[in-house]
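Here is the structure we will look at, set down as structure tokens.
Just so we're clear, the structure is a prediction, and the values are computed from it rather than from any experiment. Keep in mind that the numbers below use all heavy atoms, side chains included, and drop hydrogens, waters and symmetry copies.
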Amino acid sequence: MEGAVRVQILSQMGISEVPSQYIQPPKNRPGSVTENIADLSCKHVPAVDLSSEKESVLPAIREACRDWGAFHVINHGVPTKLLDDLRRACLSFFNDFPMEDKLKYACNPNFAASEGYGCRLLVSSENETVLDWRDYFDHHTLPLSRRNPSAWPHFPPEYRELMANYSDEMKALARRLLALMSESLGLKASCIEDAVGEFYQNITASYYPPCPRPDLTLGLQSHSDIGAITLLIQDNVGGLQVLKDGEWLLVDPLPNAILVLVADQTEIITNGQYKTCVHRAVTNASKPRLSIATFHDPAKTVRISPVSDLVSKSSPPLYSSVLYRDYLSSWYSNAPEGKRNLDKLLLDTSK
């Protein structure tokens with residue numbers, strides 16, 4: 001059982017100040033976070049309608065991946081009822097059941113990114129000087145050999161079936177999106193997925209309780225996702241921010257949409273043509289927030305490098321190849337901050 005205190009308990013205690021381990025250094029603080037979400041809204045994260053003709057979808061994806069590393073997809077084919085039911089079930093787990101029951105599913109404190117109910121991403125806080133104002137449940141969902149629904153909550157009763165169904169829907173959508181991203185670069189549809197290999201999929205439901213000092217804390221610190229592609233759904237409470245041209249912009253939740261985040265391995269595979277999305281989550285003082293992120297990563301034994309069709313004399317490789325196991329190890333050693341790992345792989349192309 002993980003011994004760290006859940007921030008939901010701190011929030012329910014009605015504290016007026018946050019413990020010191022949650023206070024961000026001044027350079028990372030979000031500053032004054034307004035209660036009026038519209039004042040911080042970022043209306044311009046692109047939305048791509050997947051029901052449109054491919055002739056319009058491909059340029060839209062290409063522009064979004066190059067300029068933002070993020071875009072919403074609408075008319076994506078995932079049943080709206082499934083999205084709503086899963087959000088409801090995850091909220092019910094966090095809100096409707098006693099802590100002693102939830103702690104039966106606590107993460108193993110001796111392993112990084114272990115499956116279960118947690119509040120601390122890394123095993124040790126030695127390099128993680130500041131904690132996120134977040135509780136979460138991480139599910140290992142794919143390949144099927146990793147999927148063990150008995151490790152997921154049995155309450156509410158439909159939780160496990162919903163999570164399994166959602167996992168399958170997200171896999172199908174991730175494959176579809178990677179194919180479109182490949183085609184948008186003039187590559188064969190299977191190119192990026194072939195480079196990634198079999199998906200190792202995790203689904204993380206994150207719960208951000210109200211925080212008495214949102215100006216000092218972050219729900220999730222600045223980072224880029226380390227895998228290939230992340231698919232995210234939110235509730236109607238804003239809090240996700242993306243870094244665009246040096247400015248943090250709040251991403252408005254778009255009803256029934258799924259947010260696509262380009263991750264580090266796809267930037268490597270596309271030789272930097274498609275940019276990973278640096279993002280974070282801010283807190284607020286009055287409303288809890290829920291998001292559900294589905295990560296699609298390579299196996300640890302896969303070696304990632306720029307695809308040969310995007311490398312030439314005029315476009316030399318920008319990144320050295322890397323074994324995904326080594327990339328993971330470096331990320332967990334350095335803690336999730338910005339694009340530190342990806343920058344380590346940059347090659348000097350000026351020679």
Side-chain angles (χ1 to χ4, degrees), residues 45 61 64-73 112-113 115 118 121-122 128 132 134 136-142 167 170-171 173-175 177-178 181 192-193 195-206 208 218-234 239-244 248-249 251 258-270 272-282 291-300 302 304 319 322-346:
V45 171
I61 287 179
C65 290
R66 284 178 170 170
D67 294 347
W68 287 87
F71 55 98
H72 288 110
V73 286
E115 185 170 33
L121 184 64
L122 305 180
E128 188 189 14
D132 295 328
R134 174 184 76 134
Y136 64 86
F137 202 110
D138 186 47
H139 313 74
H140 295 180
T141 45
L142 290 175
S167 165
M170 290 299 100
K171 176 186 177 181
L173 180 58
R175 295 188 66 192
L177 287 166
L178 289 183
M181 290 163 66
I192 297 178
E193 185 181 349
V196 173
E198 183 178 22
F199 287 147
Y200 275 64
Q201 183 197 70
N202 280 33
I203 299 178
T204 303
S206 294
Y208 305 92
L218 285 171
L220 191 61
Q221 297 176 57
S222 168
H223 68 288
S224 59
D225 292 340
I226 55 182
I229 188 172
T230 301
L231 305 178
L232 179 84
I233 60 173
Q234 307 187 67
L240 177 70
Q241 292 185 328
V242 297
L243 187 64
K244 178 75 164 68
W248 286 107
L249 301 173
V251 181
I258 294 172
L259 184 69
V260 181
L261 299 174
V262 177
D264 291 355
Q265 307 313 305
T266 294
E267 179 165 332
I268 297 170
I269 292 166
T270 63
Q273 292 202 36
Y274 287 175
K275 305 298 184 184
T276 189
C277 179
V278 178
H279 55 285
R280 69 183 186 183
V282 296
S291 67
I292 303 171
T294 306
F295 305 96
H296 297 88
D297 300 351
K300 292 179 181 179
V302 171
I304 300 294
Y319 303 97
V322 63
L323 193 66
Y324 190 60
R325 173 186 289 115
D326 295 338
Y327 197 90
L328 274 175
S329 176
S330 176
W331 189 86
Y332 280 113
S333 298
N334 293 318
E337 185 174 338
K339 292 174 58 178
R340 192 181 317 177
N341 271 12
L342 199 51
D343 290 342
K344 286 180 179 179
L345 300 177
L346 283 169

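Side-chain polar atoms of Thr276 and Glu267 form no donor-acceptor pair below 3.5 angstrom.
The two residues Gln234 and Gly239 have their closest heavy-atom pair at OE1-N, 4.4 Å. The heavy-atom pair separating Asp132 from Gly219 by the smallest distance is CB-O, 3.1 Å. When all heavy atoms of Gln265 and Ile226 are compared, the pair lying nearest together is NE2-O, 2.7 Å. Annotation for Cys277 and Ala70: closest pair SG-CB, 3.9 Å, computed over non-hydrogen atoms. The two residues Val262 and Cys65 have their closest heavy-atom pair at CG2-SG, 4.0 Å. For the residue pair Ala195 and Val302, the shortest heavy atom distance occurs at O-CG1, 3.6 Å.
With sequence neighbours left out, the side chain to side chain donor-acceptor pair (under 3.5 Å) criterion links Ser291 to no other residue. Residues forming a ring-ring contact (aromatic ring centres under 6.0 Å, His included) with Phe137 (at least two apart in sequence, or on another chain): Phe93, His139. Contacts of Arg66 classified as side chain to side chain donor-acceptor pair (under 3.5 Å), with partners at least two apart in sequence or in another chain: Gln273.
Side chains of Val260 and Leu231 form a contact here, defined as non-hydrogen atoms less than 4.5 Å apart. At least one side-chain heavy atom of Arg175 sits under 4.5 Å from a side-chain heavy atom of Phe199. Taking 4.5 Å as the limit, every side-chain heavy atom of Leu220 sits out of range of all side-chain heavy atoms of Arg280. With a 4.5 Å cut-off on side-chain heavy atoms, Gln241 and His279 do not count as touching. Inter-residue side-chain proximity for Asp264 and Tyr319 is flagged as unmet; no heavy-atom pair is nearer than 4.5 Å. For the pair Ser222/Leu243, no side-chain contact is recorded, criterion being any heavy-atom separation below 4.5 Å from C-beta on. Residues His296 and Val196 have side chains not in contact (no heavy-atom distance under 4.5 Å, counting atoms from C-beta outward). In this structure, Trp248 and Val282 have side chains that are not in contact, with every pair of non-hydrogen atoms separated by 4.5 Å or more.
Screening Leu328, Leu342, Ile268 for a side-chain contact (heavy atoms from CB on, under 4.5 Å) involving Val322 leaves a single residue, Ile268.
Going from atom CG of Asp138 over to atom CG of Asn202 covers 4.5 Å, rounded to the nearest 0.5 Å. Here the straight-line distance linking atom CD of Glu198 with atom CG of Asp297 works out to 12.5 Å at 0.5 Å rounding. The line from CD1 of Ile269 to CG of Leu178 is 8.0 Å long, rounded to the nearest 0.5 Å. The structure places OG1 of Thr141 at 12.0 Å from OH of Tyr200, a figure rounded to the nearest 0.5 Å. Summarising the geometry, atom CG belonging to Leu142 is positioned 10.0 Å from atom OG1 belonging to Thr294; distances are rounded to the nearest 0.5 Å. Atom CG of Leu232 sits about 8.0 Å away from atom CZ of Phe295, to the nearest 0.5 Å.
The environment of NZ in Lys171 is sparse: at most 12 heavy-atom neighbours from other residues, nucleotides or ligands sit within 6.0 Å.
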### Task
Give the C-alpha distance, both sets of side-chain angles, the deciding distance and a yes or no for side chain to side chain contact (heavy atoms under 4.5 Å, CB included) between Ile304 and Tyr327.
CA-CA 10 Å; Ile304 300 294; Tyr327 197 90; over 6 Å; no
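Looking at Thr266, its side chain does come within 3.5 Å of a backbone N or O of Ala228 through a donor-acceptor pair. Using modelled atom types, one side-chain atom of Gln201 and one backbone atom of Ser167 make a donor-acceptor pair closer than 3.5 Å.
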